Structure formats: C-alpha cells, structure tokens
Amino acid sequence: MSIDDTLARYSDLAYETATVVYALVLLLLIVQYASARARQVSERDLVPAGGVAAGSDTPGKISEEPRTPLSERLGNIAFAVLFVAAGLQIVSIVLRGFATGRFPLGNMYEFVSMATAAAVVVGLVFMRDPRYRGMWAFLLVPVLILMFLAGTVLYSDAAPVVPALRSFWLPLHVTIVSIGSGVFLVSGIASLLFLYRLRQPEGAESGSVLGAVARRLPDARTLDRLAYRTTIIGFPLFGAGVILGAIWAEAAWGRFWGWDPKETCSFIAWVLYAAYLHARATSGWRDTKAAWINVAGFVAMLFNLFIINLVVSGLHSYSGLT
C-alpha cells in the first residue's frame, strides 16, 4: 500500500506543534506557581463590592471589586490551551492513519503518541475541576518526556506495518492497551503526589519550596480518590487488552500464552494493579501501602514499554527501530 507523504508530513507537523503547545502549557503552569507564591494579599482587608470600608474617612465610598489574581488567570489560560494541544495530537494520530492506510499503532512512536494522548484526555475528564490545576504540571512533565522520546529516539517514518501485524486484532488489542496505559499514567502520578502530600499535609506545609508546591495541590484524600477512580477504569481496559492479545497469539502463533517477555511483564503489571485495588479496599493497606503498590504497577508499565521493547528480544519486538 502506498504512503501519502503529504499527510505524513502534516501528521508529523501536528505532533511537533502539539509538543510545543504542551511545553507552553507547562511554562504557563510554572509561572502560575511562581506568581501564586509571590502574591501576598490579605483577604480580610478587601471590602466586598458595594460595601463601605469600616473606619473609612470617606463614608459612602464604594470600594472597587478585586481583580482576578494573576495566578488564577494563568491557570485558566493554560487549561484552555491544553485543549488545543490535545486536539493537535489527536489530529496527528488520525493523519498518520490516513497517510499509511492502516490503524496508526504499528510501532513504538505511534503507541506512545496514542498513550500520551489518552493520558491527557483522561486528565481533561477527571481533572477539569480547578482544584486539580496544580496537578497538571506533574502530569505534563512525563507526557512531554515521552513525546520527546517518541519524536526523536523512537520515531519511525510512516510505512506499512510488518506482516505479523496485518490483522484485524491490531486495532482491538493495541488500542485498548495503549488507552489503558494512558489511564495508568494519570493514576501513577496521582499516587506519587498522594505520597508526597502525606509528607506535606494540608495546612501544615513546610516553609520551603516543597511546601509551597504542595500548597498548590489538592489534599491527600482527593489525590488518593483520583488514583483509585482512574485505576478502576484502566484495570479492566488493560485486562481486556491482554485477553485480546492472547486470542490474537493463538491465531498467529498457535498458542494463547507462551510467557514471552512482553506477556510476562504485562501479566506482572496486571497483577500489581489487581493487588492495588484489593489493598485499596483492605483496612490497614488503603493508604500508603496501597499507593506504593500502584506506583510499582506504574514502574512495571514503564519497564514493559522501554526495557522489554528495546532491550529484550521476543515475539513482540515490533518497535519499528532499526
């Protein structure tokens, strides 16, 4: 099948633009952090609109309504621009599919693009409340790192997939796994921030930079609930992807399961997330211990993505790298 080079270039351009816009959003969030820390406003000195200042020498003078703080305005701008970046990344994925005439999940570059797009979309759904705005910087850092690696080290030109992947199982198996991986990215970051927030409790943050950063985050309970809610979605998705992969393996290789390195690591990650959900519902485990299990599952997913795909040889060596 011929490749449409024009659409492929537009796809790459949309991907690169999305990466730049994500970086712009991260910069806006960092400036928001700095401006919020520098702002020293005493709310008790402000007079509500239409009121009279107590003890004022000019009775009847109406005080002006206070302006929206700069940090809040920057946060609103960053959140709006985030939709633009997510839209550009989705356009990049769609154009890649049209350019190649296949489902755009045939190599690691395309997989990482889909997974990071899923993470951002899940974030836009579950973290749309303003109280989560402080989390976005921590989510965008791994997203940008993954997108940079995908666009440089892991990049593959638009091309047909290898014969082993020319199957109707590809869009089913790999799409579900990539979306599940994106959901787990949000869950893992939420658990890491939950553990961090436990060391910087709400209302008792230290006076250091770590305390100032913690004050911009939701409280520990909110972060823990976010990790749990996203894992509840990611766990069955990832499990369904593993099951569909086993069915595809039986059709392609004549066996459902062969303890291939990719299969083994995926199974370990799935067991860790099952253990997290069980620990989260078990008294004495639902706080710190459960969060660490969730972090372990997140590490297993990253190990599966990079080490298994790039270092260990196996039947799933379809990274597209030469």
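All values derive from a computational prediction rather than experimental measurement. We number each residue from 1, following the sequence as shown.
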For this session: If the plane angle is over 60° it's perpendicular, under 30° parallel, otherwise tilted; pick one for F235 and W270.
Result: parallel

Exercise. Say you draw a straight line from OG1 of T100 to CG of D157; how long is it, rounded to the nearest 0.5 Å?
Worked result: 12.0 Å

Exercise. Roughly how far, to the nearest 0.5 Å, is CG of L88 from OH of Y22?
Worked result: 8.5 Å

Exercise. For W169, does the CH2 atom sit with more than 12 other heavy atoms under 6.0 Å from it, leaving out its own atoms?
Worked result: yes

Exercise. Looking only at heavy atoms, what is the nearest atom pair of E110 and G106, with distance?
Worked result: OE1-N, 2.6 Å

Seminar exercise, completed: Value for CE (M147) from CD (E16), rounded to nearest 0.5 Å, stands at 10.0 Å

Exercise. Hey, are the side chains of L124 and F79 touching, using non-hydrogen atoms and a 4.5 Å cut-off?
Worked result: yes

For this session: Measure across S181 and M301 and return the closest heavy-atom pair with its distance rounded to 0.1 Å.
Result: OG-CE, 3.2 Å

For this session: May I ask you to test the L305-V112 pair for a side-chain heavy-atom distance under 4.5 Å?
Result: yes

Problem set entry | Geometric class of the F184/Y273 ring pair [parallel <30°, tilted 30-60°, perpendicular >60°] | parallel

Exercise. Hey, what do you get for CG (L193) to CG (L198), rounding to the nearest 0.5 Å?
Worked result: 11.0 Å

Exercise. Below 4.5 Å, heavy atoms only, C-beta onward: do L223 and M135 meet side chain to side chain?
Worked result: yes

Exercise. Under the 3.5 angstrom rule, does the side chain of T116 hit a backbone N or O of S113 as a donor-acceptor pair?
Worked result: yes

Exercise. Minimum heavy-atom separation for L237 to I176, with atom names?
Worked result: O-CG2, 2.8 Å

For this session: Find out whether F138 and L192 are in side-chain contact, i.e. whether some heavy atom of one side chain is under 4.5 Å from a heavy atom of the other.
Result: no

For this session: List the atom of S178, the atom of M114, and the distance in Å for their closest heavy-atom pair.
Result: OG-CG, 3.1 Å

Exercise. Are the side chain of Y196 and the backbone of L210 linked by a donor-acceptor contact shorter than 3.5 Å?
Worked result: yes

Exercise. Does a salt bridge link R9 with D4, judged by any charged N lying under 4.0 Å from a carboxylate O?
Worked result: no

Seminar exercise, completed: Per side chain to side chain donor-acceptor pair (under 3.5 Å), S191 is matched among T231, T230, N294 by N294

Problem set entry | N-O pairing of D219 and R221 below 4.0 Å | no

Exercise. Is there a side-chain contact between P160 and I3, using heavy atoms and a 4.5 Å cut-off?
Worked result: yes

Problem set entry | Any R133 side-chain heavy atom under 4.5 Å of L29 side chain | no

Seminar exercise, completed: Closest non-hydrogen atoms of A14 and S92, given as atom of the first, atom of the second and distance, are CB-CB, 3.8 Å

Exercise. Is any side-chain N of the basic residue among R280 and D224 closer than 4.0 Å to the acidic one's carboxylate O?
Worked result: yes

Seminar exercise, completed: Between the CG atom in L149 and the CG atom in L144, the distance rounded to the nearest 0.5 Å is 11.0 Å

Problem set entry | Sub-4.5 Å side-chain heavy-atom contact between F298 and L272 | no

Seminar exercise, completed: Between T288 and F194, the two heavy atoms sitting closest are N-CE2, 4.4 Å

Exercise. With a 4.5 Å heavy-atom cut-off, do I268 and N304 have their side chains touching?
Worked result: no

Exercise. Could you give the distance from CG (L140) to CG (L27), rounded to the nearest 0.5 Å?
Worked result: 11.5 Å

